[in-house]
Every structure is written in C-alpha cells, then in structure tokens.
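Order of the sequence lines sets the chain letters (A, B, ...), proteins ahead of strands, with each chain counted from 1.
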Amino acid sequence: MKELEKQYDAKSVETRWYQWWQQQGCFHSDASRGGTPYCVVIPPPNVTGILHIGHALNNTIQDILVRWQRMDGKNTVWMPGTDHAGIATQNVVERALRKEGKTRHDLGREAFIKKVWDWKDEYGGTIVRQLKRLGASCDWERERFTMDAGLSEAVEEVFCRLYDKGLIYRANYIVNWCPRCHTALSDEESEHQDTAGKLYYIRYPVKRDGKLTATEFVVVATTRPETLLGDVAVAVNPKDERYKALIGKSLSLPVLHRELPVIADEFVDPAFGTGAVKVTPAHDPNDFDMGRRHELTPINVMHPDGVMNEGAGPYAGLDRFECRKRIVTDLTAAGLIEKIEPHQHAVGHCYRCDTVVEPRLSLQWFVRMKPLAEPALQAVLDGRIRFVPDRWNKVYGDWMENIRDWCISRQIWWGHRIPVFYCDSCNHQWAARGKPGQCPTCQSEKIRQDEDVLDTWFSSWLWPFSTFGWPKSNEDLKFYYPGNTLVTASEIIFFWVARMVMAGIEFMGDIPFREVYIHGTVRDDKGRKMSKSLGNSIDPLTIIDQYSADALRYSLMMITATGQDVYLSNEKFEIGRNFGTKIWNAARYMQMQESATPVPVQDGKRAEDSDFDPALLSADDRHILVKLSRSIESCTENLKRFRFNDAAHDLYEFIWHEYCDWYVEYSKDVLYGQDPARRAEVLKVMHYVFSNSLRLLHPFMPHLTEELWHGMGYGADSESIMNAPWPKPLTDGLARWGATSEGAAYVDARHELISIGRMLRVDCGIAPGQKIDYIVKSNTPELTAQLRADTATLVAMLKAGIVTIDDGFTPGKAMPSALTPIGTIYMPVEGLIDIAAESAKLSKQLEELAGHLAKANQKLENQAFISKAKPEVVAQFEKSRQELQGKYQKVKHLLEMLG
RNA sequence: GGGCGUUUAGCUCAGUUGGUUAGAGCGCUUGCCUCACAUGCAAGAGGUCACAGGUUCGAGUCCUGUAACGCCCACCA
C-alpha cells in the first residue's frame, strides 16, 4: 500500500496499468484453460480508420461486458482486428498517389497493392493504438486482419464452396456503379439521399408510315435526360386508353433520331408523369427488366467514369452532368421540352465517396442469397439469436425476407481477388483455392484469374470463425464458437450482422452469436450525426487527454440509454471525471484514517473480506451493507440486460450518495472518536464496501479501479483487479450480521429526517457551524414511543406538520427523559408548517381514496364480473384493492393523529 | 410509398409488469474554502408528462387517433 497522491494523475496511471496488463497477459485467453467460454468479436474497424466517438461507445460497451464476464469467472476472449476496407483504403492510398501526380495505373496492379500494404504497415495500426488508450482489454495476441493469410484462405474456401454449390454466379446486370471509384457497389453500399431534382417532360415525335409528324408527340418524363441517348423504346401501360392506339407504332428519339417502338408493359404506372416511360435498359434497373421482357438490346452510352461514350453521339466525351445540361439546352432549342418540374426523389450515393451512383449495366459476380437467408431468418424467429432492443428483430426479418442477390465483385485492386480462373485454350471457367498452374480440363497453362476483387464484406461476414482459424478445425474454434454477444450499431445490421448469421449457419452449421446488442448512434447536441465534414465530431482522444479514458467511458455509459441515440457535447464528460475524483478522495480519506488504526494485511493483501462482529455493528453499518448488496444485485442484473446507463447510475448513486454522502460522513463520528473496537470495525466495513464497489466499477473505469485496488492493498502486487471475483449479493453475510431491509428502511427514514432538520435549520438561519441537539416532541408518550419505533411514519408526520421538531433542549442540560434525540445536529422551531392547510390536503386525499376504494369494492362484489372474468384478472383486482386499502389506512392514520 | 423511434424541469435525458409526493445530471438561486474532495458540501426554485379521445376505482405508463422532429428501408421513370 502506498500513499495516494492528492491529485489523481489519470494520464500516467492509465498508460502504466495498460502496459502492465499487457505484460501480465491479463487479456489473453487460452482454450486449453477450459471453463465456460465467453467470446466477443470486435466489429473490425477499417484499417484506415481513426477512433471516433462511435468507436469509443461501441468498444466501451464491449470492454464492459468482457471485463465483467472475465471477473465472473468465464474464460473470456475478445477477438480484435481490423478490416482491409477495400474501397476506403484504396481511396486513401490513391489520394496520396495523386499528390505525387500519379494514378494507380501508373504503378500497375502489383506495385500498387504493395504500396497499399506499405501504407497499412506504416499507418494502419492507428486505431488499434487508440483502442488501447481507451482501455480495451482485447486479446491482442490474436489480432487479425481480414487480408491475413489465414483469413484469405477462409475467403477462398467460402467462395469455392458457394461456387461449387451453384450459389455464386456471374451475370450482366444493372448494378450500382460509382463513377468515381470505378466499381460496382452492393445495394447496401448505395445510400439514398433525398434530393431536390427536376422532372423533365420531353417530346418524342411520332412517326407515321415511316415519316415524322412534326405535330404529334409522346411526352415522357425523366429525371435523367442524358440517358435518353440510350433509349431503345417508349413504354406505356396496355390499359392506358390515351396510348392504346400508339402501341406498336414508332417514335423518333430526339437528337439521335433513332427509331423507337412504343411497347406495352404492365410495369408502367399511368398515374405517374405522363404515363409514358422512356426505356433505357443499360442505365436503369426497371428498364433493364423491361428490355429483357421485350427482347430489346441495351445501348450503353456511358464510360465507367461517368463520361458519355461514343454511343452518345455528339455528346461523347462530356461528363454525365455536363451532358445533361447540354441536352436540355439543345432540346429546349428544338422545342422538345414541354416543361420542367421540380421533383423530390431519392438518389443513390456511394457510401465511400458520396458520388452520385449511376445504375450501370455490367458483368458482375453475385451470391444467390435466398437459400442462405432462410435458415438465418429462422434463427432469429425461433429466438436462437436475439436482438436487443428487440425491435431490431423485425428490421432484420424484413431484410431477410426481401433479400436480393449480393453483388460481390468490385473493379478495384485492393482486396481478395476473385478466385475464378479462365482457360484461354478451352474456355473452361472454375473456382480454385490457391494458385492453380493449369486448366483442370485441358491441362493448358494459358489460364488467367478474374480481374475483380471481392466486396470487403465478403471477408468480414466470416469474421466470427475465420479469426479462430477456420477452415482448419482446431481447439479454439471448438471452444469459442459460437460466440456470445455481438455489439454494434444499427448501420451495419445488413452489411455485416445479417451476413455473419448466414455465413455462420452455412459454413459452421451454427449461429455465430446468441445476442446482438444494437447501441445508438452518436450525435452532436443538435441531433446531427457526428461527421468530419460537418466539423461537429468530438474526438475521443481529445477527451481522453482532457479528462481521462475512464471519464470518457463512464460519461458515455451514464448518458447512453439502451439502444437510444446519444447526444453529446464536451461538457458531458465532466460527469465521469468528477465521479473519478470523488472516488479518489474517498480512498484518500480511508487511507488517512488507516494510519491511525491499520487494518491487518495478510499475504500481501488487505483482509477486507473478513467477517464482522454483529455486536460491534451499528444500524448505519448494517444499512450500508444492505445497500451494497442491493447495488451488487442491480448492477449485475443491469449488465445482463444491457442496461449500461442504469448500472452506471446505480453505482453513481450508491458510491457517491450512499457511501460518500452518508456513510463516510457518519464514520467520522467513530473514526475521530475514542472507541478502538468501533474504529476498527467501521474501517473494516469501509474497506469491505469500497473494495466491492471498486470491483463493480472496474468494467466501467478500469484504470482508476486498478490503481486504487493496489493503492488500498486489496490485492497482492501481482494480482489485477481484472481477475478479482465479481461480487455476489451478500445474502448470507447480511443474515449473519443482522442486517435487514427493515433496519435499512429505518436508517433511510432517519436520513430523510435529518434532511428535514437541515431544511428547517436553513429556513431559521442557524449558522452552519452551530451544533445543536434536537428532539421530537409529541403530545402523548404513546405517540412518542410509536414514532420511535416507526421512523417512516415520523417522517411523514413531520412533513405533514403533525409533529414538530422543537429546541426544547438547552445545551448543557439533561435531555427530558421521555424523549430521545433522533439526530444530533440540528435545531428548528414550531410554526413553519401550516397545519390547517396540510390537514385539508390530507382530508381531500382521503376522500378521493375512499371513492376509489368504494368503486374497487363494488367491482369485486359484482358476481357477474367475478364469474365471467379470468381468475388472474380477479386476483389482480384483489391485489389492487389491498394496495388501495393500505394507502387509505395510512392517510386516515395521519389524519387521526392530527386530531 | 412502407417501417421504426422520439416528444417528461431552462438544457440533455431516466422512468422495467398501471398504484404513496414523477427522478437524475447540467444550468440557475442561497449559504458554506467544515480537518477526503470547491472536479466539493448543504439547502432551494423549476414539470397540465406533445395534443385529443378511450379503457380502469386509478394512466407519464395500456389502446385509438392527431401533430412535430428524427432514423431506416424502397427500382414510380
């Protein structure tokens, strides 16, 4: 035990203990140790990422769960790692290249990939280092990266299995295309944003007998006029009387003068726009389907970078948006624009670079999702996997039920290359693990691998088992899989959570985790999402520097209600800092008292768990022990239910307001007093309560609690609080020490009584320093006796003004024998409370209660009701009546006292 | 267009199965540098629980509807 500094130095304490934990191997879990496993896998942050406040929230929650379970005796592993984040990482490196005036094509594929690896090695660890500053107790020896050899092997294995099963196919289809990243995106990667666009009404001249009629038009409405260059038809609803006559006739495509047939298709909604739709199969998913139905050949008019191609005729070489402007100008000049209306619609944006996504026809790889989704849906429906809060079950279910095939190919370089090979000799196509040297069919060596790489989520959906060494069977996998809890934000339920469930069931034959806790999104104090571009993000590292990691963690937990979004501003982190300071000072107080009466130390640690002598315990001692036991119960229960804010609030209330405000204050009478036996006993109680509190608090504030654990000598030097047992409710102890809830209620009531005394004291202007005994005076000795036995009633009566506190005691004189002081500090006077008003209030209350009671009785005497209603309903009513009756009696009692 | 969430004190939010007087933190007012802590202590003010109906002896809590704000999903051009 060493003397605690006056000021808690969070910075040095936090780095010191974190290093020590790592040196001691405290975070490492080993399957061979056996026991009950508890396994959490981190949502792998992007390797390019830096810690933002959302990570801080997400990882604090995981760390709390993991530290709690570890203390509770589980063989606990928290699997850490990072994601190679295909597009995101490639973008970062490309941006760096651009500063040197180069593109990735200047380097070539191989050199570029090497460059990315170099970048990863140099800068990639940032977020990992930052997680360490947060205090995350990840098993760093197991750290994985989605492009590790092992995980890449898992990716190939999975691809081949799905390929051979026929669940992976390659097809020409309209996909979400990012013209800036030059790649296809999955549906999930295209983010819809409401955009104020325009709806252009364009006249398509009708041809009759092969000749243009200059006066007759079909008007179509479109939001993307530039795509008309790729039109191959105009569609109308077959039931639409306006256009019936035109079906089968032709129109002339403005500008390019291509002949377009008018086709009939049920898809067209006659109520929208003009009821006539231009059909552009290469640039719109609906049009693509229509094109197929009517066997129309798509015409692609755009390059991959969003620049118009030769198909666009005179507009070739223009950027798509420039082309839009020009075409509108030209159409206007030609009198072919009927009108332009403002139009609100959702436009897809690339989730990585925010560029407007272009629906584009291209050859891509897809995973057939239906067969995978069905068992994954079932797992949630039958409760094997549970979302918390449970409303996410439905969100997950809806997505699974309406699942669409997953576009997994990306036209970038950074990522897992698609393990499909083509033989140039015999045109054979196959999927293979590793690097095949020749074609399995014709043995030709003229083979080449598919150029595309896989969606980054194609490796992260395997995370719960690939990180444990799958596809190789091993002890880790057997022991830790399936994991227990997944902690994440709602944004990646579809990207990641849902797909992990599918992969787990498909490849491991079992769900990957049992519970999914979805926490809220962190927003600023105006409710906006935190983002770099808005400049409103709070940097957790700044907070750690300014307040400490523990303060950050605790504050986050205090203000994060289960699954609700979190609104943050800098000042909120004072909660955690102040709480830490409070605890620090409570410890210092105990240490100062210790120097006078040391508590025995055995085996290098304090025997803070030794038993108490009931004969030496006062009501206050028992009270704090009862409260401690309740805190242990509620804290554990709240953690089980993912109610981190309740757990944090309860601990705050207990440690600050019960322990510090009342018990520590009370202890001063004893510790500054002269009774050595009581002194020792009270110190023992304090250490007992404090060491339990530190353990309960440890998952929330790991560094501070470790520092105090050692500072107070609760563990031997080599023992971490991380491995101290999680406190259990004190049921047996309380019984042995004679600590009951009645006794605790008595002390609670007395605390309230003392508060009333303080209130009166302030009202009377008694100086703070002036100590005066007070007595409770009532008109009869019987009542006095009763009040002494029932402090709760006394408090009620005091408040109602039925009894008064009197200063009938003169310092230096003996106390009147019939009356015993209940507190020892404060003095006050009669006449502060308006007895008449209080009594009127009580009367009114009683009257209302009588009414309620009468009606409740009436209900219960109604035979028709009794015979018809279910027994449990009747029981409920009976219970209600009894509650009412109790309340009625209480108020009546008070009124009678008042006389 | 569909789904979901939120609406409680000046601010940010708790309030578990309906039941004593609706809570906390911050902010504000008053008094205290009292020998653990001014990052603190004691006390106080401040609420028609968004609105309208309904169920109930009793509703912040359950039901129906309305409004405002927010989020997610969505191939009506």
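- Using a 4.0 Å heavy-atom cutoff across all strands shown, A:D289 reaches no nucleic acid atom at all.
- Comparing the P positions of B:G25 and B:A42 gives a spacing of 11 Å, expressed to the nearest Å.
- The interatomic distance linking A:E653 (CD) with B:G15 (C1') rounds to 15 Å, in whole Å.
- Residue-level contact check: A:V664 touches the bases, meaning some heavy atom is under 4.0 Å from a base atom.
- B:U64 and B:U12 have their C1' atoms separated by 31 Å, with the value rounded to a whole Å.
- Residues A:F495 and A:Y351 bring their aromatic ring centres within 6.0 Å.
- Residue contacts for A:E188: at a heavy-atom cut-off of 4.0 Å it reaches no nucleic acid atom on any strand shown.
- Side-chain contact between A:K198 and A:H343: absent, with no pair of heavy atoms (C-beta onward) separated by less than 4.5 Å.
- When each of A:W656 and A:D269 is assigned the nucleotide of RNA chain B with its nearest heavy atom, A:W656 is the one assigned upstream, toward the 5' end.
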Inset, instruction - Output, in order, the C-alpha distance, side-chain angles, deciding distance and verdict of side-chain contact (heavy atoms from CB on, under 4.5 Å) for A:L199 and A:F272. - result: CA-CA 11 Å; A:L199 195 55; A:F272 187 88; 4.2 Å; yes
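- Distances from the side chain of A:R643 to the nucleotides B:A14, B:A77, B:U39 place B:A14 closest.
- Inspection of the A:N638 and A:D650 side chains reveals an N or O donor paired with an N or O acceptor under 3.5 Å.
- Counting any heavy atom pair closer than 4.0 Å across all strands shown, A:K668 reaches a base atom.
- Residue contacts shown for A:A587 are absent, as no nucleic acid heavy atom lies under 4.0 Å away.
- The residue A:R577 sits close to a base: some heavy atom pair falls under 4.0 Å.
- Between A:P225 and A:I202, the closest side-chain pair of non-hydrogen atoms falls below 4.5 Å.
- Counting heavy atoms from C-beta on, the side chains of A:I655 and A:F579 come closer than 4.5 Å.
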Inset, instruction - Would you please test A:Y243 and A:N237 for side chain to side chain donor-acceptor pair (under 3.5 Å) and show each step? - result: CA-CA 8 Å; A:Y243 298 111; A:N237 192 293; over 6 Å; no
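- At B:G23, none of the side-chain N or O atoms of A:Y652 fall inside 4.0 Å of OP1 or OP2 (strictly under the cut-off).
- Between the C1' atom of B:U39 and the OH atom of A:Y8 lies a distance of 14 Å, rounded to the nearest Å.
- A sub-4.0 Å separation between OP1 or OP2 of B:G40 and a side-chain N or O of A:N578 is present.
- Atom CG in A:N585 sits about 5 Å away from atom C1' in B:A36, given to the nearest Å.
- Taking the C1' atom of each, B:G23 and B:A9 are spaced 10 Å apart, rounded to whole Å.
- Spacing between B:C28 and B:U16 at atom P, rounded to whole Å, works out to 31 Å.
- Going from atom OH of A:Y589 over to atom C1' of B:G40 covers 16 Å, rounded to whole Å.
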Legend entry - ring-ring contact (aromatic ring centres under 6.0 Å, His included) evaluation trace for A:Y666 with A:W662: CA-CA 6 Å; A:Y666 155 78; A:W662 288 107; over 10 Å; no
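- Note: CD (A:Q193) to C1' (B:C73) measures 15 Å, nearest angstrom.
- Here A:H649 does not reach the OP1 or OP2 of B:A14: none of its side-chain N or O atoms lies under 4.0 Å away.
- When distances run from any side-chain atom of A:R641 to the nucleotides B:C37, B:A77, B:U16, the shortest one goes to B:U16.
- Following rounding to the nearest Å, A:K394 (NZ) and B:G5 (C1') show an atom-to-atom distance of 13 Å.
- Atom P of B:C49 sits at a distance of 15 Å from the matching atom of B:U21, rounded to the whole Å.
- Contact annotation for A:E665: base contact, defined as any heavy-atom pair under 4.0 Å involving a base atom.
- Using a 4.0 Å heavy-atom cutoff across all strands shown, A:F267 reaches at least one base atom of the nucleic acid.
- At the phosphate of B:A77, OP1 or OP2 sits under 4.0 Å from a side-chain N or O atom of A:H343.
- Look at the C1' atom in both B:A22 and B:G47: the space between them is 9 Å, to the nearest Å.
- No side-chain N or O of A:Y173 forms a donor-acceptor pair with one of A:Q364 less than 3.5 Å apart.
- Atom pair A:E191:CD and B:C73:P shows a separation of 8 Å (rounding to whole Å applied).
- Closest contact between the side chain of A:R404 and the listed nucleotides B:A74, B:C4, B:A77 involves B:A74.
- The residue A:H283 sits apart from the nucleic acid: no heavy atom pair falls under 4.0 Å.
- Side-chain proximity of A:K855 to B:A74, B:U39, B:C57: nearest is B:C57.
- Across the protein-nucleic acid pair, A:K572 atom NZ and B:G25 atom C1' stand 9 Å apart, rounded to whole Å.
- Comparing B:C35, B:A77, B:A74 by their closest approach to the side chain of A:A346 singles out B:A74.
- The nucleotide whose nearest atom lies closest to any side-chain atom of A:F494 is, among B:C73, B:G5, B:C37, B:C73.
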Legend entry - Strand RNA chain B as a dot-bracket string - pairs counted if Watson-Crick or G-U with both distances under 3.5 Å, | where the partner lies in another strand: (((((((..((((.....[...)))).(((((.......))))).....(((((..]....))))))))))))....
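- Only the C1' atoms considered, B:C51 is 33 Å distant from B:G44, to the nearest whole Å.
- The C1' atoms of B:C33 and B:C71 are separated by 49 Å, rounded to the nearest whole Å.
- Between A:W392 and A:F387, the ring center distance fails the sub-6.0 Å criterion.
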